[in-house]
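Computation of the quantities below employed the complete heavy-atom set of this structure, encompassing side-chain atoms and omitting hydrogens, waters and symmetry-equivalent molecules. Lettering of chains follows the sequences in order, A, B, ..., and the numbering in each one begins at 1.
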Amino acid sequence: MTRSSRPKGTQDFVPPESIKKTRIEMLFRELATVYGYQEVVTPTFEHTEVFIKSSGSASDIVQKEMYTFTDRAGRNLTLKPEGTPGVVRAVLENNLRLPCRLFYISPCFRYSRPQKGRYREFYQLGVEAIGESSPLVDAETIIFGATFFTRLGITEFTIKVNSIGCRHCRPAYREKLLTFLREKQKKLCPDCQTRMEINPMRTFDCKNTSCQLLLNDAPLPKRHLCPECTAHFEEVIDSLKSTPFNWKLDEHLVRGLDYYNRTTFEYVSGVLGAQSSLGGGGRYDYLFEEFGGPVTPAIGLAIGLERTILALPEGSPFNTASRRNLVFIVWTGPAEMAAARELLNILRQENIPALMTYEPVRVKRQFHLADIAGARFCIIVGEEELKGNLYALKDLITGEQSIVPAEKIVPTFSSLRLSSERI
RNA sequence: GUGAGUGUAGCUCAACCUGGUUAGAGCACCUGACUGUGGAUCAGGAUGUUGGGGGUUCGAAUCCCCUCACUCACCCCA
């Protein structure tokens, strides 16, 4: 019998990683809600054309990274490689009133060789502000992401910001850059030579030092913006100046997705290895038109969950504690077990996480089981306690034990109570 | 898709270069010391088709070939 293994590039989230994932998602929900976003859930797969329309048929994602398949009826479908296209499609299809702010937490799929911080199935946390054109929204979106990382205890990141122009100023700039690149074509690396014809701005992404040297005096997008784009970007920058975050203008930042225009940004961290980007985003004012919708300004942001977990510093409160808020009930005999089960029900009705064993095992073993479960407290239900209508309560971290009257037991744990009623 | 590295117990690794009895250690696990107290200590116990297949050899964890998996980097991006 050979055991099955998970497919390449996928991962199992088992405790404690699964707990970290949930808590990060909860913070994201909370913060997005605070910023006025509401959750949107779109399908895991879409008609393939949805992603081709938005990412651009020349992009690497479309060309070689999509999980595309035909279903039993011959429909051409693709597992979502990113969050934005499905959201745009859903906004149009459901005819949502604008402006609207939506957030999502979703698995995404891209076929590429896995490495540190890069998986074939990965999770994106994203927000999309749709129907808002003010540069203040751009700044707010950038600040939203930075605030999220900061609340997680992640401080070692910088924000790269740039503007890549609009449909009015970009064509002329593109020609200028292309002319520049063609002069140097022979000296560029093979990758850049093909890259420049598809999307010349992507050559700025090349890590090859000889290419970087050649590009030092290349015309930069920010210097060729039209007056409107310049004004827009200046306001974004102005708004960032008053924030405590570590941001910088990076005129080489262009981002890989074709649908961006004007403001683009990226959060980078040094602790992630080669995949240094924690997340990024930008404005996509033309994407709705690609989908046959009305002219609709929009800006969005996507954060990589796995990379966020990697970047969590040692002392972050979002790193899981060794013990969880769980009460483990220990009992000594059949009569005590019946009482223990009653107590278990009471605690659970009060939304207090509680557990016990139904196996007739010795007290020592029960304490050991409490340990394995990672429980924070043990309640001991023994002959003495039963007689006196009391419980013995042991704190498994400090080892301290005390006697609690039966009627005080629920209030004792009220701080452990869970609630799902708030968002 | 390209390149490099690594696969030995549940985990981290040793033995491999220089082939030679029953492949070891630490952690974890189980039992007991302790019939009402975990995490400490002591004593004992269990655990492997050495990733898989083939070859060389009297003999392979060790050398060679193929294959699979993982890791990192290129690429791409979250």
Do any N or O atoms of the protein come closer than 3.5 Å to N or O atoms of nucleotides 72-75 of chain B, and which pairs are they?
{"from": "B/C72", "atom 1": "OP1", "to": "A/Lys116", "atom 2": "N", "distance (Å)": "3.4"}
{"from": "B/C72", "atom 1": "OP2", "to": "A/Lys116", "atom 2": "N", "distance (Å)": "2.8"}
{"from": "B/A73", "atom 1": "OP1", "to": "A/Ala274", "atom 2": "N", "distance (Å)": "2.9"}
{"from": "B/A73", "atom 1": "OP2", "to": "A/Gln115", "atom 2": "NE2", "distance (Å)": "3.1"}
{"from": "B/A73", "atom 1": "N7", "to": "A/Gln115", "atom 2": "OE1", "distance (Å)": "3.4"}
{"from": "B/C74", "atom 1": "N4", "to": "A/Arg118", "atom 2": "NH2", "distance (Å)": "3.2"}
{"from": "B/C75", "atom 1": "N3", "to": "A/Arg118", "atom 2": "NH1", "distance (Å)": "2.7"}
{"from": "B/C75", "atom 1": "N3", "to": "A/Arg118", "atom 2": "NH2", "distance (Å)": "3.4"}
{"from": "B/C75", "atom 1": "N4", "to": "A/Gln115", "atom 2": "OE1", "distance (Å)": "3.3"}
{"from": "B/C75", "atom 1": "N4", "to": "A/Arg118", "atom 2": "NH1", "distance (Å)": "2.8"}
{"from": "B/C75", "atom 1": "N4", "to": "A/Gln275", "atom 2": "NE2", "distance (Å)": "3.0"}

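Annotation: side chain of A/Arg110 is in contact with side chain of A/Glu82 (closest heavy-atom distance under 4.5 Å).
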Which atom pairs, one a donor and one an acceptor, fall under 3.5 Å between side chains of residues 136-157 of chain A and the rest of the protein, sequence neighbours left out?
{"from": "A/Asp138", "atom 1": "OD1", "to": "A/Arg283", "atom 2": "NE", "distance (Å)": "3.0"}
{"from": "A/Asp138", "atom 1": "OD1", "to": "A/Arg283", "atom 2": "NH2", "distance (Å)": "2.7"}
{"from": "A/Asp138", "atom 1": "OD2", "to": "A/His232", "atom 2": "NE2", "distance (Å)": "2.9"}
{"from": "A/Asp138", "atom 1": "OD2", "to": "A/Thr263", "atom 2": "OG1", "distance (Å)": "2.7"}
{"from": "A/Asp138", "atom 1": "OD2", "to": "A/Arg283", "atom 2": "NE", "distance (Å)": "3.0"}
{"from": "A/Glu140", "atom 1": "OE1", "to": "A/Arg101", "atom 2": "NH1", "distance (Å)": "2.6"}
{"from": "A/Glu140", "atom 1": "OE1", "to": "A/Arg101", "atom 2": "NH2", "distance (Å)": "2.9"}
{"from": "A/Thr141", "atom 1": "OG1", "to": "A/Val137", "atom 2": "O", "distance (Å)": "2.7"}
{"from": "A/Thr147", "atom 1": "OG1", "to": "A/Ile143", "atom 2": "O", "distance (Å)": "2.6"}
{"from": "A/Thr150", "atom 1": "OG1", "to": "A/Ala146", "atom 2": "O", "distance (Å)": "2.7"}

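Relative orientation of the A/Tyr259 and A/Tyr284 rings is perpendicular, given thresholds of 30° and 60° on the angle between their planes.
Under a 4.0 Å N-O distance rule, the pair A/Arg323/A/Asp371 qualifies as a salt bridge. Residues A/Glu350 and A/Arg417 are paired through a salt bridge, judged by an N-O separation under 4.0 Å between the basic side chain and the carboxylate.
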Nucleotide pairing, RNA chain B (Watson-Crick or G-U, distances under 3.5 Å), in dot-bracket with [ ] and |:
(((((((..((((......[...)))).(((((.......))))).....(((((..]....))))))))))))....
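Heavy atoms only, all atoms of each residue included: A/Gln124 and A/Gly83 are closest at OE1-N, 3.4 Å. Closest of all the heavy-atom pairs between A/Pro360 and A/Trp331 is CA-CH2, 3.8 Å.
Taking the C1' atom of each, B/G19 and B/C58 are spaced 12 Å apart, rounded to whole Å. Using C1' as the reference atom, B/U8 and B/C70 are 15 Å apart when rounded to the nearest Å.
Taking A/Lys408 as the reference, nothing meets the side chain to side chain donor-acceptor pair (under 3.5 Å) condition, with sequence neighbours excluded. Here A/Tyr67 pairs with A/Tyr111 under the ring-ring contact (aromatic ring centres under 6.0 Å, His included) rule; sequence neighbours left out. Contacts of A/Glu383 classified as salt bridge (Lys or Arg N to Asp or Glu O under 4.0 Å), with partners at least two apart in sequence or in another chain: none. A/Phe51 meets the ring-ring contact (aromatic ring centres under 6.0 Å, His included) test with no other residue; sequence neighbours excluded. Scored by the salt bridge (Lys or Arg N to Asp or Glu O under 4.0 Å) test, A/Lys20 finds A/Glu17 as partners (sequence neighbours excluded). A search for side chain to side chain contact (heavy atoms under 4.5 Å, CB included) contacts involving A/Gln38 returns nothing, not counting sequence neighbours.
By the criterion of a centre-to-centre distance under 5.5 Å and near-parallel planes under 30°, the ring of A/Tyr123 forms no stack with the base of B/A78.
Within residues 83-92 of chain A, no residue places a heavy atom under 4.0 Å from RNA chain B. Within residues 148-166 of chain A, no residue has a heavy atom under 4.0 Å from RNA chain B.
At a threshold of 4.0 angstrom between heavy atoms, the contacts of A/Tyr119 include nucleobase atoms, whether or not backbone atoms are also involved.
Relative to the six-membered ring of A/Phe233, A/Lys222 misses at least one condition, a distance below 6.0 Å or an angle of at most 45° to the axis.
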Mark up nucleotides 28-40 of chain B, 5' to 3', with B wherever a protein heavy atom is under 4.0 angstrom from a base atom, S wherever such an atom reaches only the sugar-phosphate, and - elsewhere.
-SS-S-B-BBBB-
